[in-house]
Amino acid sequence: MKKTLSILQTSALALTLTLNVFSQQAGQQPAQPPKAPAAQEAKPQQAPQIDRRKIPLAQRPNLSLDDVNTYIGADKRIIVMMAALNVAGYDYETGGRQLTPLRQQMRDDLKNTPPEVVRKLRDFFLAHRKGTTDAAAVAPYLSLALSLQEPPAFAIDVPQDRLPDDVKEIVGFAPIVEEFYQKTSFSRLLPKYIEASLKVAETYPQAAGLVLGNVLTYLHTEPVLELPPLVNIRRTVTAVRPEKKDQKKSDKKDSGKKDSGKKDAQAADKPQLPQIAEEMDSPNRIRRFVIIPDLLNASNAANLRVVRDTYFLLLGPSSTPSIESMRRAFLNFVLDPLVERQIKEVAAIRTDLRKLMETRGDKLDRDYAERSAYFLITDSLVQATNARMDVLGMAARNVSPEDEAIYQLSLGYERGSVLVYHFYDQMKAFEPVGVNIRDYISSMLGNVDYEREAVRLKEFEQRLARYKQFRTEATFAPAPKLEIANADDKLVARIVEADNLIKNRKYDDAKAILDAASKENPNNARVLFGLAEVASKQASTLDDSDRVEEALYAAVDLYKRAAQSASPESEKWLAQRSYVAAGKILDFIAETNPSLAEKLTADATTAYELALKLGKVEGGAFEEAEKAMKQRAQKK
């Protein structure tokens, strides 16, 4: 399947998808060539039509997302539902920052919503919160939206027995949304929001192609795109009585003229024909993976909702497409049906798995306690596979250290995904073998050591403690202060959010926020300092030495500008840390560039001296500058 990766990645770069609302996903057929005029020439023989679906993915020419039933587009139902929820009081925004401009525009568009409609929306939303967080409270409403017919109907379009339990509890919201849609004349606003969603959707195909290719390559498999029907449809028909050969036509003609009473008597005497149950052809269920911008939700939100056999990934606004969210959702899409096929294997471990999960005690997430063994297995397998791909840097913006993977898995283990470490080890062993994951799952389920899995956190206790300490130090020492000179509340919120993104190694997202802030505040020291931090940390993720050096020089320049722009009253700490950071980078470049070492070392010394002149400053880097100067003296 290595070929699949290259094909998908290449096709993603030049992919031309028609980004329509999902109901229009089939698109238009290509125009037919004009007919040739009548002539004596022999007509060229047409090539036979080939059903691409019967060709293995790796052998299909011009592979596209459509080949794996993956679609990207906008959804009217999601737009209307999220608009209604915003009016209902959904104000959540990641990192406590301000609402996105589009959400603010939407609220301005709907400021004249009738008060009685607003009251109905808010009362229902608040009554069904059940103490959940804002982000969690919205999730079932997204499933509800995807279970409805398109506006203006809003009728439930999914059989009652196939609705998730959390959706069944809120079906009463649908008629309120319909009233909201009608009384606000939302149909007039819809084109604007569809256009905005489609514009964002145009940025998804390349990332989606990269993710799908990497996932299928890593798992050495192809996604299951069809499932058998849930039920076999049967119809009852009456058997046909065979006609006697010696029966005369005249008898047939005269039979209708006979006395009706006599006819009824004869009919009563005849044996009843048997009823036959005839099985009808039931179409297979088609599985789809659909990625939809959810621009009226919180920034960087990601919700995977499964409606019937379609997996919908809803992505909130972000500076770049969320590769990690796409990867995890597609892992669910690929692995779910493979686990569901392991009926005997799951039945054999169901009791032991439940006992293992219950060892989490009060830490066990209520949702996990109520879910099936299939869910617990798939969730653990997806988390473990996701962590392995993070460590390998497959479809990820940054390569994660294995300690980070073990730490993240510990969080899932605590909630109830008690097989995450077992599957992590199994997937690690799976990588050099190269077999299809479909043929490996049964083996993974059959060799679980439940005694070991019950004490996994103790097994990793020291390793987790060291890494948690490292994360704590990275978070709190020395953290940029919130006292920011020459900054209003909006800029402060942006900087705080960027700081959090940097801590979580989401450097591209942090850079996008800081670049936008820099355009409005080109000389703000905290913005420049943040950009310098991003540049220096991104350099460590690059492989090309020339690009690394270029990024490091850019970081030095930004640190110098930050120090020069720092407020002498409230930002001495920032200036000091900027000088020290610049000095360390110059020392590093000097070690790898002997021809420039003398000049770079001198520049670094100057930076340390400027830091020391500021004296001991709370939150600064005086000790680091002092240590660097002592090391210089020792080398002489």
Side-chain angles (χ1 to χ4, degrees), residues 128-133 135-137 139-140 143 161 163-169 303-306 328-329 331-332 335-388 402-430 437 440-465 467-468:
H128 293 79
R129 285 288 300 271
K130 296 184 177 181
T132 57
T133 62
S143 291
D161 61 340
L163 286 174
D165 290 338
D166 57 353
V167 177
K168 291 178 182 177
E169 296 176 1
N303 284 282
L304 178 64
R305 311 304 294 175
V306 182
R328 177 156 182 168
L331 281 170
N332 271 281
L335 294 173
D336 270 349
L338 301 184
V339 173
E340 289 172 1
R341 290 177 175 178
Q342 313 300 315
I343 299 175
K344 292 181 180 179
E345 291 82 357
V346 173
I349 69 171
R350 181 179 282 110
T351 301
D352 290 332
L353 178 58
R354 178 64 57 178
K355 290 179 181 178
L356 176 61
M357 184 185 66
E358 290 173 351
T359 62
R360 305 320 312 140
D362 295 338
K363 294 181 179 180
L364 179 63
D365 190 292
R366 183 183 66 180
D367 189 44
Y368 283 80
E370 298 172 351
R371 302 298 287 270
S372 70
Y374 290 97
F375 169 83
L376 298 174
I377 292 168
T378 303
D379 188 67
S380 293
L381 180 55
V382 167
Q383 288 192 49
T385 307
N386 197 52
R388 281 304 305 160
E402 190 163 52
D403 283 346
E404 172 70 16
I406 290 172
Y407 169 74
Q408 292 297 336
L409 292 178
S410 74
L411 304 180
Y413 184 96
E414 289 281 28
R415 289 194 302 271
S417 295
V418 287
L419 293 182
V420 286
Y421 288 120
H422 168 71
F423 284 134
Y424 185 84
D425 290 345
Q426 293 292 306
M427 294 306 294
K428 197 171 181 180
F430 158 84
I437 188 66
Y440 190 63
I441 290 180
S442 177
S443 172
M444 289 195 292
L445 295 177
N447 63 7
V448 180
D449 183 345
Y450 292 96
E451 291 184 2
R452 184 188 182 192
E453 298 312 316
V455 294
R456 278 290 197 163
L457 292 184
K458 189 168 184 178
E459 177 182 328
F460 290 115
E461 187 174 14
Q462 293 184 355
R463 193 170 180 179
L464 285 169
Y467 191 69
K468 286 179 181 178

Can you tell me if Y421 and E453 form a side-chain donor-acceptor pair at under 3.5 Å?
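Their side chains do not contain a donor-acceptor pair, so the 3.5 Å distance test is not met.
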
Got a sec, which residues hit side-chain hydrogen bond (donor to acceptor under 3.5 Å, both in side chains) with [X], two or more places apart in sequence or on another chain?
X    : answer
E414 : R360, K363
N332 : none
Y413 : none
K428 : E402

Suppose we screen for side chain to side chain contact (heavy atoms under 4.5 Å, CB included). Which residues come up paired with [X], at least two apart in sequence or across chains?
X    : answer
A136 : T132, T133
I349 : I377, L445, Y450
D161 : P159
D379 : R328, Y368, F375, Q383, S417

Would you list the pairs meeting side-chain hydrogen bond (donor to acceptor under 3.5 Å, both in side chains) in which at least one residue belongs to residues 343-359, sequence neighbours left out?
E345-S442

Tell me if a side-chain donor or acceptor on H128 pairs with a main-chain N or O of A137 at a distance below 3.5 Å.
no

With sequence neighbours left out, write down each residue that passes ring-ring contact (aromatic ring centres under 6.0 Å, His included) with F430, or none if nothing qualifies.
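In terms of ring-ring contact (aromatic ring centres under 6.0 Å, His included), with neighbours along the sequence ignored, F430 is linked to H220, Y440.
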
Does a side-chain N-to-carboxylate-O contact under 4.0 Å join D166 and R305?
yes

Does the side chain of L353 reach to within under 4.5 Å of the side chain of V418, using non-hydrogen atoms?
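In short, these two side chains touch, coming nearer than 4.5 Å.
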
Set of salt bridge (Lys or Arg N to Asp or Glu O under 4.0 Å) partners for R452, sequence neighbours left out:
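R452 satisfies salt bridge (Lys or Arg N to Asp or Glu O under 4.0 Å) with D425, E459 only.
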
